[in-house]
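In what follows, chains are A, B, ... by sequence order, proteins preceding strands, each numbered from 1.
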Number of protein chains: 2
Amino acid sequence: MPGGRMGAGWGGRFRGCGYRMTIPRQIIMKVLSGTDKHLSAEDIYMKAHKTNQDMGLTTVYRTLELLMQMGVVVKFDFGDGRARYELTEGTKSKHHHHLICTSCNRIVEYTDFMDEEMEFLKRAEKGLSKKHKFDIKSHIIQFYGLCDKCKKKK
Amino acid sequence: MPGGRMGAGWGGRFRGCGYRMTIPRQIIMKVLSGTDKHLSAEDIYMKAHKTNQDMGLTTVYRTLELLMQMGVVVKFDFGDGRARYELTEGTKSKHHHHLICTSCNRIVEYTDFMDEEMEFLKRAEKGLSKKHKFDIKSHIIQFYGLCDKCKKKK
DNA sequence: ATTGATAATGGAAACCATTTTCAATAAGAA
DNA sequence: TTCTTATTGAAAATGGTTTCCATTATCAAT
Ligand SMILES: [Mn+2]
Ligand SMILES: [Mn+2]
Ligand SMILES: [Zn+2]
Ligand SMILES: [Zn+2]
């Protein structure tokens, strides 16, 4: 497949949920698909803005809200005052979680212990779904503490 | 121990961290100790305000920030635009996590699977601490999805 | 291809939880 | 009690996110 039609496949996904596929939405999907970072709404806006000058920040927020409802995106709060977003089905990044330094807000991604985690989560999600009648779509695991530097600084 | 001196024990904790014990801080600790709910800063402010008319919302925010640094309180983001706070060493509540409905923001607490979780966490925290040189103080596990009502509504 | 109902957009203004500022006050060591 | 300075409350500022609304674009039906 040629590289030009990125995000084309997302049209069906949007339409399947009763929404329309638009230029801004294509660009936003392209930005999200093309990174392995935790982008804020403004990060996404700035990247998208290079492709389409007319894009508005408001549209980024609206689209992210939509994508969250569709289960395509997860929203994180790392404590720095702005929300971060990641594709759930990342073509680039593997399933991972985060260590967060409560002192300097540094984020460390880790992919260790995913086997043990998977085993634990599989059982937990199954049981919780049934007991609390929840349709679980995603999860977040975060560890808080002091990073290397902040530990020494203290 | 008579019921009047609630939070007196916290004085040493504050002073031990190089801070002073004050009336507002005593009241805030009393409020936090006396609930098993997820209180927002304003929730705490309103409860504290009944005891001490002069208390300011600013002080609540400042004290919570302090308590977080001291590891006494954990801050949650349930997606409703305001942070929630809970004592880590809850005298009332057990260790638990949350199911969050992405549609109506309903929160369900659960204490199931804590044995399996404890086992998984113990191993993960130990390994992660060593590998990433993080001094892990706390963790958050949250499941996102649709609650019973929102599932049917769709 | 054209039409038309209406979903989606962008810019500005509004919103609102949280932070900052600063003069007044209170804690606690000496 | 005195003195240093951490802490406080009120008001103003901040800034990420939402809301409004007139304009535009999508796409199913023609
Ligand atoms: Mn990540
Ligand atoms: Mn809870
Ligand atoms: Zn750090
Ligand atoms: Zn719900």
Side-chain angles (χ1 to χ4, degrees), chain A residues 7-8 10-29 31 38-70 73 75-85 102 105, chain B residues 7-8 10-29 31 38-70 73 75-85 102 105:
Chain A
W10 289 104
R13 185 73 184 265
F14 274 93
R15 248 171 267 113
C17 293
Y19 305 118
R20 298 176 180 176
M21 178 45 94
T22 65
I23 307 287
R25 285 176 182 171
Q26 280 186 36
I27 297 174
I28 289 171
M29 290 318 298
V31 169
H38 322 102
L39 300 182
S40 68
E42 188 154 13
D43 290 336
I44 296 169
Y45 166 68
M46 288 192 296
K47 284 179 182 290
H49 194 259
K50 293 175 183 170
T51 305
N52 183 353
Q53 285 289 104
D54 297 335
M55 170 110 45
L57 177 56
T58 307
T59 299
V60 174
Y61 277 108
R62 274 186 300 230
T63 301
L64 286 170
E65 172 65 28
L66 217 61
L67 290 169
M68 283 177 59
Q69 279 184 277
M70 294 164 65
V73 147
K75 184 186 192 177
F76 289 97
D77 170 37
F78 291 149
D80 63 344
R82 71 201 59 197
R84 306 277 170 173
Y85 303 85
T102 53
N105 275 326
Chain B
W10 291 105
R13 185 75 184 263
F14 274 93
R15 249 170 268 114
C17 294
Y19 306 119
R20 297 175 180 177
M21 178 45 96
T22 65
I23 308 288
R25 285 175 183 173
Q26 280 187 36
I27 296 174
I28 289 170
M29 290 318 299
V31 169
H38 322 101
L39 301 182
S40 68
E42 187 153 14
D43 290 336
I44 296 169
Y45 166 69
M46 288 192 297
K47 284 180 182 290
H49 194 259
K50 292 176 183 169
T51 304
N52 183 352
Q53 284 288 106
D54 297 333
M55 170 110 45
L57 177 56
T58 308
T59 298
V60 174
Y61 277 108
R62 276 187 297 231
T63 302
L64 287 170
E65 172 65 28
L66 219 59
L67 290 170
M68 282 177 60
Q69 279 184 275
M70 293 165 65
V73 148
K75 184 185 193 176
F76 289 97
D77 170 37
F78 292 149
D80 63 344
R82 71 201 60 197
R84 306 276 171 174
Y85 303 85
T102 53
N105 274 327

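Residue A:A41 has its side chain nearest to D:dT17 when only C:dT18, D:dC27, D:dT17 are considered. Closest approach to the B:R20 side chain among C:dT18, D:dT4, C:dT9 is made by D:dT4 (side chain taken as heavy atoms from C-beta onward).
B:R25 has a side-chain polar atom (N or O) that falls below the 4.0 Å cut-off from OP1 or OP2 of D:dT8. Of the side-chain N and O atoms in A:R15, one or more sit less than 4.0 angstrom from OP1 or OP2 of D:dC27. Distances shorter than 4.0 Å separate some side-chain N or O of B:R82 from OP1 or OP2 on C:dA17. The shortest distance between the side-chain N/O atoms of B:T22 and the OP1/OP2 oxygens of D:dA6 is not below 4.0 Å. Distances shorter than 4.0 Å separate none of the side-chain N or O atoms of A:T58 from OP1 or OP2 on D:dT19. Side-chain N/O atoms of B:Y61 include none lying less than 4.0 angstrom from OP1 or OP2 on C:dT19.
For the pair A:Y45 OH and C:dG10 C1', the computed distance is 9 Å after rounding to whole Å. Taking atom CH2 on B:W10 and atom C1' on C:dA27, their separation rounds to 20 Å, with Å as the unit. Distance OH (B:Y19) to C1' (D:dT8): 16 Å, rounded to an integer number of Å. In this structure, A:D43 atom CG and D:dT17 atom P are separated by 11 Å, rounded to whole Å. In this structure, B:N52 places its CG atom 11 Å from P of D:dT8, rounding to the nearest Å. Going from atom CG of B:L57 over to atom C1' of C:dT18 covers 9 Å, rounded to whole Å. For the pair B:I44 CD1 and C:dT18 C1', the interatomic distance rounds to 14 Å; values are reported in whole Å. Rounded to whole Å, the distance from CE on A:M21 to P on D:dA28 is 13 Å.
Checking side-chain atoms of B:R25 against main-chain N and O of B:W10 turns up no donor-acceptor pair under 3.5 Å. Although no hydrogens or angles enter the test, the distance criterion places a donor-acceptor pair under 3.5 Å between the side chain of A:R84 and the main chain of A:H38.
Projected onto DNA chain C by closest heavy-atom contact, B:K75 and A:P24 fall at different nucleotides, the more 5' of which corresponds to A:P24.
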Practice prompt. Start with the C-alpha gap between A:T22 and A:T59, add the side-chain angles, then the distance that decides, and say whether side-chain contact (heavy atoms from CB on, under 4.5 Å) holds.
Written response: CA-CA 11 Å; A:T22 65; A:T59 299; over 6 Å; no

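In summary, A:K75 and B:D77 do not engage in a salt bridge, as defined by a charged side-chain N under 4.0 Å from a carboxylate O.
The side-chain contact (heavy atoms from CB on, under 4.5 Å) test with B:I27 singles out one residue from B:T63, B:V60, B:N52, and that residue is B:N52.
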